[in-house]
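Here is the structure we will look at, set down as C-alpha cells.
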Amino acid sequence: MHVIKDRLHPNGLFMKMFLVTVGLIILVAIAVTFATIRMAEQFFVEKFSITNSQIINQIQYDFEELNYSIVMAASNVDQSSTIEAFLSEEEPDNARMQSLFHVMQQIDHIRERLGNQNVEIAIADRERITYTTNFTYWPASPGVIRGHEITETITEQPNKLLYFQDSQEANDNYVIAAKALRDRETEQALGAVYFPIKEGQLRSFYTDYVKPGNDFYVVDRNGKVVSSSLASTIGQSLPELSQQAERMEAAGVRYREIEFQDTNQIMLAEYLPYFDMYLVNMVDKQTAVGNLIDTKQIVLLLAGVVVLALIIVFLVTKRLTNSLSKLVKDIEAVPKKGLQRRLVYEGTYETKQIGSAFNSMMDELQVYVERLIEAQKQQRHAELAALQQQINPHFLYNTMASIKFLVQMGEREEAEKTIDAFITLLQNTVGNVDESVTVELEVENLKNYVLINQKRYGDRIQVQFMIAPDCMEYRIPKLILQPFIENSFFHAFNKTAEGTISVLIWREADDLICEIADDGDGMAANIESLPHTNRNRQLFSGIGVKNVHERMQLLYGPDYGVSIASKEGLGTRVKLRLPASKEEGKNII
C-alpha cells in the first residue's frame, strides 16, 4: 500500500486530471448515447409517420374508390324505374315474376359496374329482401331485415348512404352500405338497397402493409372495430382508438405516441367521412424502433470510442504532466542533493517558466548562502585571531619565569626543551591561522602545552596520549582539545594530589572519537549541560568547553559534539565525536 501511495504521490496531479477526465468522458458518452438513441427514435418516428401517412392516403383512396362505386351503384338503383315499379306496384304473380326478372337484369347490370369490388347488391321492399346478387355472400334471412337497426336508421335518413357493421356468424363479419329507396314523386318509402361488403374486402386494402407490430383498424365513432388486421378485435369496442383519433383530428396532428394495451404505440389516424369511420394505424414502437436501432451496437460503438478517448487522454495527460511531475521530484531532491543542483526543465511552457524561476531562486539562494558562509568564515577568523591575541599575559609571564628558574638552576637542557615547546606552541597557535589541523599537530600542541604546564606546576599530573596510528592524518578543528586538557589540569585535581589525564583518539566507522579522561575529583551530579570554563582562570587560549561543543554542532550538525560523563571521586570523561576527514577545509564552514 505504501509503495502504491509513494508511486502515486508524485503523479497526484496526473491522477486527478485523468480521473476527472475519465468521469467527464463517461458522463458525456452516456449523454451522447442517450441523445443518439433518442434522436434516432425521433427521426425514425418522423420518417415512419410520413411513410405510413402515404400508406394511409393510399388506403383511404381505396376506401373512397369503393365508396364511389357503391354510391354510383346506389344512385343507379335509386334512379331505376324498373326497380321503383317493382317495389311500388302490386302485380299478379306472373307479372311480378316478369318484373323480378327485369329487376334481376337491372341489378346484375349495375353489379357489373362495380368492377372488381367484392361487393354484392341486395334489394328489399318494406317487408323482406326480394333479390340479392349472391345469397351465399351475405346469407341474411330475407325477412330479418325488417325491423333491423340498419333499416330503421336509413329510414330515418333516407337521403344518405350509410355504412354499418354486421355479423352473420362468429367469423363472418360484414360492413353493410344501405340506402332507403323512395318513390321519386311521392317520397314514399319503397324499400332499401343493401351493399354487403365482407370485412376481408376492406382488409385487402391494407393487408399488404401489415407487418409485425404494424396493425390497422377501421373503427366507427363509438370505437367499434369494423375491420382490423387483428381478426380477434373485429366487433370489439375500443373507444380509446376513436377518442384518440378524434383528438388528433381536432389538433390537426399526423401522429401521436400513446399507451395502448400496455405497450407504447405510434398512432396514425385518418377520418373516412363517407364511412363516418376512422382508419387507424397502430405501430408498436419497441418492435419498429428496436428493429431499426441496434442499441447494443450503438452502446458498443460508443464504448469503443470512450476507450479510445481514454487512451488518448491518458497518453496526452501523462505527457503534459510528466514534465511537471519530474519538476516536483527534482525540487524535492534539492534538499538532499545540495544547493548546487539545478533543474533541467522541459515540457510545457508553464513547466519551463517554473523551472526557470526555481533555478533563478536557487542561484540567488546559493549566492546568499555563499555570502553567509564567507561572512561566518571571516567572523570565525576574526574570533580566532582575537583569541590568539588574547593569550594570557600571565601565562607568558609564568612560562618565561619557569624558563628563567630552570636556567638559574643550571637545568639548561630542560630550559631549552621548555623554550622549544613554547616556541612551537606559539607558532602553531598564533602563527597558524588555519581553521583545521591534523590530529598529529593538535596532539603536538597538546604535548607542548602539557610540558609547559608541568614545568610551571610540577609533574603531579601525568598526561598520556593513546592515538591510533591511522588517525594521525585526519583533520580536526584547531584547538578543539586544548580546553578540555586545560579544564582537567586546573579543575580536576583540586582534592586529589596527583593523577593522570588520558588523551585517546580512534575511529568508529566514519566518525573520529577524541576522548579526554582524568581520574581526578569528578562531579557529583549528572551533567545535563556543558560547564562553562571560567574565563578569568583560563591561562592560555580562553576557548571555552561549551564554545567547542557549539562550534562542532555548527560545523557538523546535531549528531556531533561533546558529551561528558563524570562521577564524584572517579574522574571525568569527555568524548568528542566528529566526522573523520583528511581533506583540509572539508566540513569547515
Side-chain angles (χ1 to χ4, degrees), residues 62-155 157-164 166 168-169 172-202 204-205 274-275:
D62 293 339
F63 272 93
E64 290 178 352
E65 188 174 26
L66 172 64
N67 175 70
Y68 177 77
S69 299
I70 293 175
V71 167
M72 294 303 297
S75 177
N76 290 334
V77 171
D78 193 28
Q79 297 296 324
S80 173
S81 57
T82 303
I83 297 174
E84 181 181 358
F86 175 76
L87 295 175
S88 60
E89 295 178 0
E90 293 183 0
E91 298 173 319
D93 291 341
N94 292 336
R96 184 137 187 102
M97 289 298 295
Q98 187 175 2
S99 297
L100 179 60
F101 176 75
H102 292 299
V103 168
M104 291 170 56
Q105 289 182 319
Q106 188 78 41
I107 295 299
D108 289 343
H109 179 70
I110 294 173
R111 171 65 187 81
E112 292 176 356
R113 293 182 178 178
L114 290 174
N116 58 355
Q117 300 288 358
N118 191 12
V119 178
E120 299 299 335
I121 302 175
I123 298 295
D125 58 18
R126 286 171 293 183
E127 298 295 334
R128 60 179 183 174
I129 295 174
T130 57
Y131 175 70
T132 176
T133 54
N134 188 349
F135 178 78
T136 59
Y137 182 82
W138 184 43
S141 173
V144 77
I145 200 67
R146 186 176 62 182
H148 196 281
E149 177 188 358
I150 298 175
T151 304
E152 292 179 353
T153 303
I154 62 176
T155 301
Q157 303 178 59
N159 295 324
K160 291 184 177 181
L161 177 66
L162 301 178
Y163 290 85
F164 305 87
D166 183 51
Q168 292 298 316
E169 295 181 0
D172 204 1
N173 300 294
Y174 296 86
V175 173
I176 308 298
K179 184 179 183 307
L181 297 176
R182 295 181 298 172
D183 189 301
R184 289 192 294 273
E185 294 181 358
T186 63
E187 297 293 331
Q188 181 181 1
L190 300 177
V193 57
Y194 301 93
F195 298 90
I197 310 167
K198 280 193 174 182
E199 188 273 337
Q201 171 62 22
L202 301 181
S204 66
F205 295 156
Y274 300 108
F275 293 83

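- Distance check: Asp62 CG to Gln201 CD gives 9.0 Å after rounding to the nearest 0.5 Å.
- Remark: the backbone N or O of Glu65 is paired with a side-chain donor or acceptor of Ser69 at under 3.5 angstrom.
- A side chain to side chain contact (heavy atoms under 4.5 Å, CB included) with Ile176 is found for one member of Trp138, Tyr163, Phe195 and no other, namely Trp138.
- Using a 4.5 Å heavy-atom threshold, the side chains of Leu66 and Leu202 count as touching.
- The distance from atom CG of Asp78 to atom NZ of Lys179, rounded to the nearest 0.5 Å, is 4.0 Å.
- Between Met104 and Tyr131 there is a side-chain heavy-atom pair separated by less than 4.5 Å.
- With a 4.5 Å cut-off on side-chain heavy atoms, Glu84 and Asp183 count as touching.
- If you take OG on Ser99 and CD on Gln106, they are separated by 12.5 Å, rounding to the nearest 0.5 Å.
- Atom CD1 of Ile123 is separated from atom CD1 of Ile107 by 3.5 Å, given to the nearest 0.5 angstrom.
- Residue pairs that meet the salt bridge (charged side-chain N to carboxylate O under 4.0 Å, His left out) test with at least one member in residues 190-202, sequence neighbours left out, are Glu199-Arg203.
- Using a 4.5 Å heavy-atom threshold, the side chains of Leu87 and Val103 count as separate.
- More than 12 heavy-atom neighbours from other residues, nucleotides or ligands sit within 6.0 angstrom of OH on Tyr137.
- Checking side-chain atoms of Thr133 against main-chain N and O of Ile121 turns up a donor-acceptor pair under 3.5 Å.
- By the neighbour-count criterion of 12 heavy atoms within 6.0 Å, atom CD of Gln79 is densely surrounded, having more than that number from other residues, nucleotides or ligands.
- Contact of the Leu161 side chain with the Asn67 side chain is registered, since non-hydrogen atoms from C-beta on lie closer than 4.5 Å.
- Other residues, nucleotides and ligands contribute more than 12 heavy atoms inside 6.0 Å of the CD atom of Gln105.
- Of the possible donor and acceptor atoms, one in the side chain of Arg111 sits under 3.5 Å from a partner among the backbone N and O of Val119.
- Partners of Asp125 according to the salt bridge (Lys or Arg N to Asp or Glu O under 4.0 Å) rule, which considers only residues two or more places apart in sequence or in another chain, do not exist here.
- In this structure, His109 places its NE2 atom where only 12 or fewer heavy-atom neighbours from other residues, nucleotides or ligands lie under 6.0 Å away.
- Closest non-hydrogen pair, Ala189 versus Arg182, comes out as CA-CG, 4.0 Å.
- Heavy atoms from other residues, nucleotides or ligands lying under 6.0 Å from CD of Glu187 number more than 12.
- Residues Ile197 and Ile70 have side chains in contact (heavy-atom distance under 4.5 Å, counting atoms from C-beta outward).
- Here the closest non-hydrogen pair linking Ala178 and Ile154 is O-CG2, 3.7 Å.
- Here the side chain of Ser80 pairs no donor or acceptor atom with the backbone of Asn76 at under 3.5 angstrom.
- Taking OH of Tyr274 as the start and CZ of Phe63 as the end, the distance is 14.5 Å to the nearest 0.5 Å.
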